[in-house]
Asker: 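This is the structure, below, for whatever I ask next.
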Amino acid sequence: MLRRVPPPAPEAGADELPSPLEERLITLIKANGPMTVADYMSDALFHPQYGYYTSQSPFGTLGDFTTSPEISQIFGELIGLWLVQSWIDMGEPDFFHLVELGPGRGVLMDDIIRTSAIRPEFKKAARIWLVETSGRLRHEQQKRLRQLDAEIAWKDRLEDVPEGPLLLVANEMLDCLPVRQFIMTEDGWRERMVNVNETGDALAFSTAFAPPLNAPKLPPADDYRKGDIFELCQPANDLTEAIASRVTNQKGRALIVDYGHIRAGAGDTLQAVKNHAAWPVLRAPGTADITAHVNFSQLTDSVFDCGAAAHGPLTQGDFLRRLGLETRVAKLSAGKPEHVVQDIQSAAFRICAPSQMGEIFKALCISSPGLATPAAFDPR
Ligand code: SAH
């Protein structure tokens, strides 16, 4: 089962008990009033005690979802080669920061470092930083990566990584950053809120009465109909600006891969996944993964605002094929027994085929202006 392409959410079972976080939020909302969707998402995913990423083991067949690097080693290998080529495009600096945002179980960085052995000078020049907020996942990353002969440090935020030439990668990280939602009403945009239902025993969506504050990028009301939803992920836009400013001031490149759409206006994309199936977004927060589609057109605007170059977005399938997925499948399969070849091929199919993760996931490159066109992103 693939992550973030789940079937429609089932009705929550009547026998499901509320999660501890749900009970706390119900009490808080009764006392203080409704909360924004972004604050809800933030608590559901990152609450220090009950948040999904803080308290659960999300990945793999026993977890709730799986990601491209977890499915096929080829994903990280091709990205490793892309990074080595980017380092060559940057003039082979003898020192640079290699950063991954939201490394999950550390599989992608493992494959990147392994592959980069093709150019030992790359590995020698790389100062590796993993930006991770979850202590639990940091621990998993440390366990996986400590056998690599590489100097790695962990940080909470990109801002804590020192300035300098940069190569950065983020896979499925931006889609868990909290989004605000706005609904078009007869009186214009109003924020969508998380409230309690009429009987006061479960969470339910509601709409704010007053116009929203601090929502600078809301689109003109004329382009929308009553009931339409517009999503704004300020943390994703801010992060993109921080990356773009860095690569404008110092040489560098970033690769953002995520589940998302190229044009704005996709409506309500908030979704929850639990045990590899869809789950009601407001049910038992802290026990399910919650994401929203990444709005790549908003990200690209942020890149241009900072004077950096943006390439793509490309579909993940095109990105991987152009980097040589088929050749790598053939190389890995050579001389292997039939069942291993089948595993290699079906994993490659899952990350690349349009019906699987190949179309819905997109790759965006943020680059220093003036560098060569990055591998795979040349216009065709
Ligand atoms: N990139 C991994 C994991 C994706 S899940 C993979 O492809 O398998 C999202 C990851 O982002 C988790 O590691 C989560 O803890 C981390 N994360 C979420 N919000 C973050 C933030 N604001 N800063 C850093 N990491 C974050």
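Fair warning: this is a prediction, and the values are worked out from it, not measured in the lab. Every number for a ligand or one of its atoms is a count from 1 in the order of the listing.
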Asker: Check each atom of ligand 1 against the heavy atoms of Phe46 and keep those under 4.0 Å away; list them by number with element.
Answerer: 18 (C), 19 (N)
Asker: With salt bridge (charged side-chain N to carboxylate O under 4.0 Å, His left out) as the criterion, how do Asp89 and Arg253 come out once you've worked through the C-alpha distance, each side chain's angles and the decisive distance to 0.1 Å?
Answerer: CA-CA 10 Å; Asp89 294 343; Arg253 264 206 193 133; 3.0 Å; yes
Asker: Within a distance under 4.0 Å of any heavy atom of Leu137, pick out the atoms of ligand 1 and give their elements.
Answerer: 12 (C), 13 (O), 15 (O)
Asker: Of the backbone atoms (N, CA, C, O) and the side-chain heavy atoms from C-beta on, which set of Asn171 has a member under 4.0 Å from an atom of ligand 1: side chain, backbone, both, or neither?
Answerer: both
Asker: Can Leu101 be said to touch ligand 1, with heavy atoms closer than 4.0 Å?
Answerer: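 The answer is no: ligand 1 sits nowhere under 4.0 Å from a heavy atom of Leu101.
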Asker: Hey, mind stepping through Glu231 and Asn295 against side chain to side chain donor-acceptor pair (under 3.5 Å) and telling me if it holds?
Answerer: CA-CA 9 Å; Glu231 292 179 338; Asn295 183 330; over 6 Å; no
Asker: Please could you name the atoms of ligand 1 that Leu177 approaches to less than 4.0 Å, counting only its heavy atoms?
Answerer: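 The atoms of ligand 1 under 4.0 Å from a heavy atom of Leu177 are 22 (N).
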Asker: With a heavy-atom distance limit of 4.0 Å, tell me whether Leu45 approaches ligand 1 through its side chain, its backbone, both, or neither.
Answerer: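 Neither; no heavy atom under 4.0 Å.
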Asker: Does Ile26 belong to the same Ile/Leu/Val/Met/Phe/Trp/Tyr cluster as Tyr50, with side-chain heavy atoms less than 4.5 Å apart forming each link?
Answerer: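 They do share one cluster, since a chain of ILVMFWY contacts under 4.5 Å joins Ile26 to Tyr50.
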Asker: Out of curiosity, does Tyr259 fall in the hydrophobic cluster containing Phe349 (side-chain heavy atoms, cut-off under 4.5 Å, transitive links)?
Answerer: no
Asker: Is it the side chain (CB and beyond), the backbone, both or neither of Ala170 that lies under 4.0 Å from ligand 1, heavy atoms counted?
Answerer: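 For Ala170, there is no contact with ligand 1 at all, from either part.
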Asker: Do ligand 1 and Ser134 have nitrogen or oxygen atoms that lie under 3.5 Å from each other?
Answerer: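 No, there is no polar N/O contact under 3.5 Å.
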Asker: Under 4.5 Å between side-chain heavy atoms, counting indirect links through other Ile/Leu/Val/Met/Phe/Trp/Tyr residues: same cluster for Ile112 and Val107 or not?
Answerer: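 Shared cluster, no.
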Asker: Using heavy atoms and a threshold below 4.0 Å, how should the contact between Thr133 and ligand 1 be classified: side chain, backbone, both, or neither?
Answerer: both
Asker: Sorted by first residue and then second, give each salt bridge (Lys or Arg N to Asp or Glu O under 4.0 Å) pair with at least one member in residues 71-82; sequence neighbours left out.
Answerer: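 Qualifying pairs: Glu77-Arg114, Glu77-Arg328.
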Asker: Considering both backbone and side-chain atoms of Phe59, is one of its nitrogen or oxygen atoms within less than 3.5 Å of a nitrogen or oxygen in ligand 1?
Answerer: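 N/O-N/O distance below 3.5 Å does not exist for this pair.
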Asker: Quick one: ring pair (Phe, Tyr, Trp, His ring centres under 6.0 Å) pairs with a partner in residues 102-153, sequence neighbours left out?
Answerer: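 Residue pairs passing ring pair (Phe, Tyr, Trp, His ring centres under 6.0 Å), neighbours aside: Trp87-Phe122, Phe96-Phe122, His97-Trp129.
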